[in-house]
Each structure stands twice: as C-alpha cells, then as structure tokens.
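Please read the structure below before turning to the comments.
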Amino acid sequence: MRKISLKRLLSLTGIILVLTLGGIFSLNATAKETDNSKSDTVTVSVDGEERVFDLSVIEDGDEFEGAQSYVDSYADVLNADPDFEENIEDALSTVRGDVKSYATFWSLVPPIIAIVLALITKEVYSSLFIGILAGGLIYSGLNLETTMTHVFSDGFVASVADSYNVGILLFLVILGAIVAMMNKAGGSAAFGRWTAKHIKSRVGAQLATVALGVLIFIDDYFNCLTVGSVMRPVTDKNNISRAKLAYLIDATAAPICIIAPISSWAAAVAGFAKGSGAANGMSLFVSAIPFNFYAILTIVMMIFLAVSKFDYGPMKKHEDNAEKGDIFTTKMQETVEQMSHNEKGRVCDLVVPVVFLIIACVFGMIYSGGFFDSGSDQYKNFITAFSNSDASVGLVYGSFIALIFTVIFFLIRKVISFKGLMDCIPEGFKAMVPAIMILTLAWTLKSMTDSLGAKIFISQLVEGSAGSFMNFLPAVIFLIAVGLSFATGTSWGTFGILIPIVLSVFGADSGTITIVAISACMAGAVCGDHCSPISDTTIMASAGAQCDHINHVSTQLPYALTVAGVSFISYIIAGFVPTWYIILPISVALMVVTLFVIKTVLGKKSA
C-alpha cells in the first residue's frame, strides 16, 4: 500500500477544511436579496468634493455612488460624515445582502488557512492557493461558477494586470538579469575574494550586511534585492546561512524605511495622516520616529545577535549547519547564483554596476515624483519629489537604464561577449520565477481578503476598543496592526485604514499621545509585514538572499516575535509616560535584557 506523506495529508486536510467551511456558508446563507425600494441617500463632503451615496444599492449609479463605494471609502468618510456610525451599518447591511460574510471574522479565514498550512507543510505554493480557494468559496457561498470567476478574473488576472504589480515584476526580472551578468562576468567571485581579505569573520560579514541595508533606505524592494546581490558572496565566504542573510535583509528593509524621512514609506504615512485631519503629515511622521519601537529594537537585536554570536530557534540549526559548510540546510536549487570563474573578472565588475543601479534608481524615483516636471509642486525639489515618487515606475526606469549601462560596461571591459550577456537575461528571469509566483499568489490572496472586507472588520475592532483604557490603547493598536498586516501581507494597506481611525479616536491635535498611537500603528504594520509569509517584502528578502521562502519565514518568526513582545510592553509604558527620551532608553534596555535572559536560559539547557 502506497504511503501518503505528511505534507500531502495536511494539504488534503486543508482542502477538506475549505470545502467544509464553504458548505457551512451555503447552508447558512440567506436569500441574497436587497430591498432597493427604499432610497437611503447620503451626501458627504470629502476634501472639498461633494459625494452622493445611495446606501440602499451596492453598485454605483449615474448620479450617485453605491454602498460598496461608501464602505471602500471608510477612511475618507470616517471623519467627514457626522452620521458615520449609522451610515456604515446601513452600507454594510446592503453589502452583506450580496456577500454574507463581508467584514466579519470569516474575512480573515483565507490568510489564516494559507499561513498555517505554509508553516506546517513547508509548501508555500499549494498553501497560498488553498487560501485563495477558501476566499473564493466563502465569497460565493460555495457557488462553483462565482468561485471560479472571483478567483481567476477578480483575483489572478486583476492582480497581474495591475500596473503597480507589473512594474514590480519587471523590476525583479531586470535586476535578475543584471545579477546574472555580474556573476557571469566574474564580478561576484572577485568581490568574494576581495572581501575574504578584508572581512575575515562572521561578525564582520553580518555587521557589513546590516550597515549596507541601513544605507539603502530609499525603498524596501530595492533594498532587499540590492543588498542580497552584493552581500551573498560575502556571507557565503564567511559561512553564514542563507536564512540568516534573508533575515538581515528583511530586517533592514521595511523597519529602516519606516524611520527614514526621505523614503516612499514616509510619503505614504504622511499622506494618510494629512488626509485625515493632521495639520502636517510629514511633521507627525518625524515626531513618531523615536516611538517606533519595533523598527529601532529590530536594529538593536541584529547588532546584538551578530556581536554576541548568538542564535536561537530554527535559525540556530541553520547557522550551525552553515559553519560546517551547508549554507542552505534544506535543498535549494541555485540558478543565477552559480558563480563564474571568469579569469577577467574584477571587483569593479560588481561594484560599478551596483553603484550605477543605485544612482539610476534614485533618478527614476525622483523622475516619477515630478522632479523634472515644471508644472508640478515637486519641480526641482528633491525631498518632495522623492516622497511623492511611484516606486514601481521609478525602479523600472532606473533598473532598465542600469541594465543598458551594464551591457555597455561589460562589452567595453571585454569580460563577456554580447551573446553571453543576452543569455543572462533568460537566466535572470528563471532565477526570479519562484519570487514572481509567490508574489502573484500573495497579491491574489490579498484581493480575496479585500473582497471579504477584512480591513473593515479590523477597523471596527479598533473603534470598539477605544471607549476605555485610553492609556493602553497604543499597545492595543500595535497588536491590531500586527494582526491586520500579518493576515493581509501589506503594511501600506494597514496604514491607510488604521491611521485615520487613530486620528479620529485621539484627535489630530491631542499632543504626544496621538504621536505614540500613530507610531504604534506604523510599528505594528511593519511587524506584521515582517512576520507574514505572504508579505511582498518577505518574499523579496527570500529572493534577494536566494533562500527557500519557508526557511526564511520559519527562522525569522521567533526573532520578530521577540522584538514584538518587547515593543508591546514598551507601548504600554509609553501610554502612561509619552516622553521619547525616557521610554526609548527603557525599551532598548528591555530588549538587551530580554536577549541576555534568552541566551542564559538556552545556554543552561544546552549545557
């Protein structure tokens, strides 16, 4: 009798669970009829524009917007509509006439299924697809035709057709081609030989990775792939596991961007805050930086782990194996990462293309932000242009210019033929296929949770907890932001929905406690994004390190949760003592003490 593997058994169990849930919904589904005889028209002034909503119908009409548009504009109408609480219930009631489970706990079931299955089975593709299927079944009430349409037309096709997503995929492919060219030219191998002479310890290699990650703070996607490309030869030479490299890359991506005033993240947060009543969104962002405990403590933790030569959890196994020469622990098929032994290769064959790539991408970012547009407010203003840039457009422009430069540079250097350079383009694409597949699945899963109203459900939880214990509310907001970001895989979406609610609860001019609450929202969003296996940044970090995605997630999770625990306690204290120069040193001390305790306890157990 043929044996069924545990992975297959668990995957089958997941499918059965999905079908069972769908059956429950179909059995409990009420007749999906909406009473359209009653007109429930609401007029709301949003940013000086009069918007008319008819909450008795779902879809938009010629002269009004429907209930779905009102719900989708949750953050905008929250403060603009004086009868918001009554109207949002009317709108949700109308939407639930079509999708029974909309904005309920069931909206979080698809990502929960996907994440749990991925962590248990170590199979990311099937787990994400089962989560997507669960979302389609819950949305349709087990109607096969609606499920297929929603999953493929509204899910996969819409995600891949989105202009922003296409830009990110193009950036991945182009960067993969550049990395393949640098490797084939012998630049990566030469850089590895050079670093072997100058960075002679595992501590030095880790600190150098952290330093480079901190320096490249302009964008998290760019950070992940660039730091990975540059530091892989260094960490491989010093026997550092790919899982540890992926952690260092991921921990210096979003956590650094969220405390850098000149970044695409700063612009996003400032925009959400200003649109919700804050007088100066960027000023609020800068004021919140010292209270962003998760980002700051993540940096503290990376340095502590590197200097103390300490690891715990699944990461310890990977690092122990790496010291013995096995940097992967589990099988990992290398494609582009195979280093060329091109005798003509020099350090400049890696450094020059990477430096030009950074400059070109910065140029592309400010170009997309209107730096060269004489008719825009950002004309010749570097900071505002950078803050208003479109990462997907700017990175594609910059990486394409860098690709052309790299081809010309290597032809002039005569280290590789034109045919060899062209062969690197499909090689680079093949290296990025796993990341592209996971990103596509993750984006589709996000569209499933969005269609089920997960963000609205979480938003109402925040408002429901705001009645009492105001001093504990920053800590509560942190936890809710972690949960929402972890389940949806997006920190920006979490900012967009929670920041207006936080400003509504505390008031835009309530002083330091508002700043603490905003920082808790940002920190929680980054923490959830950092932990989530369906986060695009986490996927990019795996791609940048050429590390198995589930290995990265499972090894990183204990570290991220440790920082999250200390951050949560710090936000409790900050709710009562909202003074950054008091609470920040306390939080850093708590982090260091926590790590010393973990090291001592684990050291005694292994003795």
Side-chain angles (χ1 to χ4, degrees), residues 10-11 14-15 17-19 21-22 25 72 99 101-140 146-162 164-166 168-169 172 221 433-458 482-494 496-497 525 528-543 549-550 552-554 557:
L10 288 168
S11 295
I15 294 173
L17 176 62
V18 168
L19 295 176
L21 285 171
F25 276 99
D72 291 341
V99 183
S101 56
Y102 191 85
T104 65
F105 171 77
W106 296 105
S107 62
L108 299 179
V109 169
I112 290 173
I113 290 175
I115 291 167
V116 170
L117 282 177
L119 293 175
I120 293 175
T121 66
K122 310 297 182 186
E123 293 287 346
V124 66
Y125 304 114
S126 59
S127 300
L128 286 172
F129 184 75
I130 290 171
I132 292 167
L133 182 61
L137 288 168
I138 293 172
Y139 180 87
S140 68
T146 306
T147 299
M148 293 289 288
T149 302
H150 189 56
V151 167
F152 290 99
S153 296
D154 302 335
F156 283 103
V157 174
S159 297
V160 175
D162 182 85
Y164 186 91
N165 293 347
V166 170
I168 297 303
L169 296 182
L172 271 172
Y221 293 163
V433 165
I436 291 171
M437 288 180 64
I438 296 172
L439 273 174
T440 302
L441 287 165
W443 287 331
T444 304
L445 181 60
K446 178 183 177 296
S447 69
M448 294 296 106
T449 58
D450 287 347
S451 68
L452 291 170
K455 293 178 182 178
I456 307 302
F457 172 68
I458 295 294
V482 170
L484 177 58
S485 183
F486 182 82
T488 60
T490 170
S491 48
W492 282 36
T494 303
I497 200 69
D529 181 271
H530 196 192
C531 297
S532 178
I534 61 174
S535 160
D536 45 7
T537 311
T538 307
I539 296 165
M540 290 283 195
S542 299
H549 184 57
I550 297 301
H552 169 44
V553 173
S554 59
L557 197 55

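Start at 1 with the first residue, then count along the sequence.
The minimum heavy-atom distance linking L128 with L445 is given by the pair CD2-CD2, 4.0 Å. D529 and G489 get closest at one heavy-atom pair: OD2-O, 3.7 Å. The shortest non-hydrogen separation linking A435 to I539 is O-CG2, 3.8 Å. When all heavy atoms are compared, the tightest approach of P110 to G135 is CG-CA, 3.5 Å. When all heavy atoms are compared, the tightest approach of I115 to A487 is CD1-CA, 4.5 Å. Across every non-hydrogen atom of S491 and A525, the tightest pair is CB-O, 3.6 Å.
Considering CG of D536 and OG1 of T440, their distance stands at 11.5 Å, rounded to 0.5 Å. Here the CG atom belonging to L484 is positioned 8.0 Å from the CG atom belonging to L108, to the nearest 0.5 angstrom. Note: L137 CG to T147 OG1 = 4.5 Å, rounded to the nearest 0.5 Å. Atoms CD1 and CH2, from I438 and W443 in turn, are 12.0 Å apart once rounded to the nearest 0.5 Å. For the atom pair I534 CD1 and S127 OG, the distance stands at 11.5 Å (nearest 0.5 Å). The CD1 atom of I138 sits 9.5 Å away from atom CG of L133, with the distance rounded to the nearest 0.5 Å.
Between the side chain of S535 and the main chain of H530, no donor-acceptor pair closer than 3.5 Å is present. Without hydrogens or angle criteria, S554 side chain to I550 main chain gives a donor-acceptor distance under 3.5 Å.
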Under the side-chain contact (heavy atoms from CB on, under 4.5 Å) rule, what do Y139 and M448 come out as? Steps first, then yes or no, please. CA-CA 8 Å; Y139 180 87; M448 294 296 106; over 6 Å; no

Please step through side-chain contact (heavy atoms from CB on, under 4.5 Å) for the pair L441 and Y125, ending with a clear verdict. CA-CA 8 Å; L441 287 165; Y125 304 114; 3.9 Å; yes

I'd like to know whether T538 forms a side-chain contact (heavy atoms from CB on, under 4.5 Å) with H552, so could you lay out the CA-CA distance, the side-chain angles of the two residues, the decisive distance to 0.1 Å, and finally the verdict. CA-CA 8 Å; T538 307; H552 169 44; 3.6 Å; yes

side-chain contact (heavy atoms from CB on, under 4.5 Å) between L439 and M540, worked out: CA-CA 9 Å; L439 273 174; M540 290 283 195; 4.0 Å; yes

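Between L452 and S101, some side-chain heavy-atom pair lies under the 4.5 Å cut-off. No side-chain heavy atom of D154 sits less than 4.5 Å from a side-chain heavy atom of S447. Between F486 and P533, some side-chain heavy-atom pair lies under the 4.5 Å cut-off.
For the residue pair T488 / T449, no side-chain donor-acceptor distance below 3.5 Å is found, with atom types taken as modelled. With 3.5 Å as the limit, one finds a donor-acceptor pair spanning the side chains of H150 and S451.
Aromatic ring orientation, F457 versus F105: perpendicular (interplanar angle above 60°, classes split at 30° and 60°).
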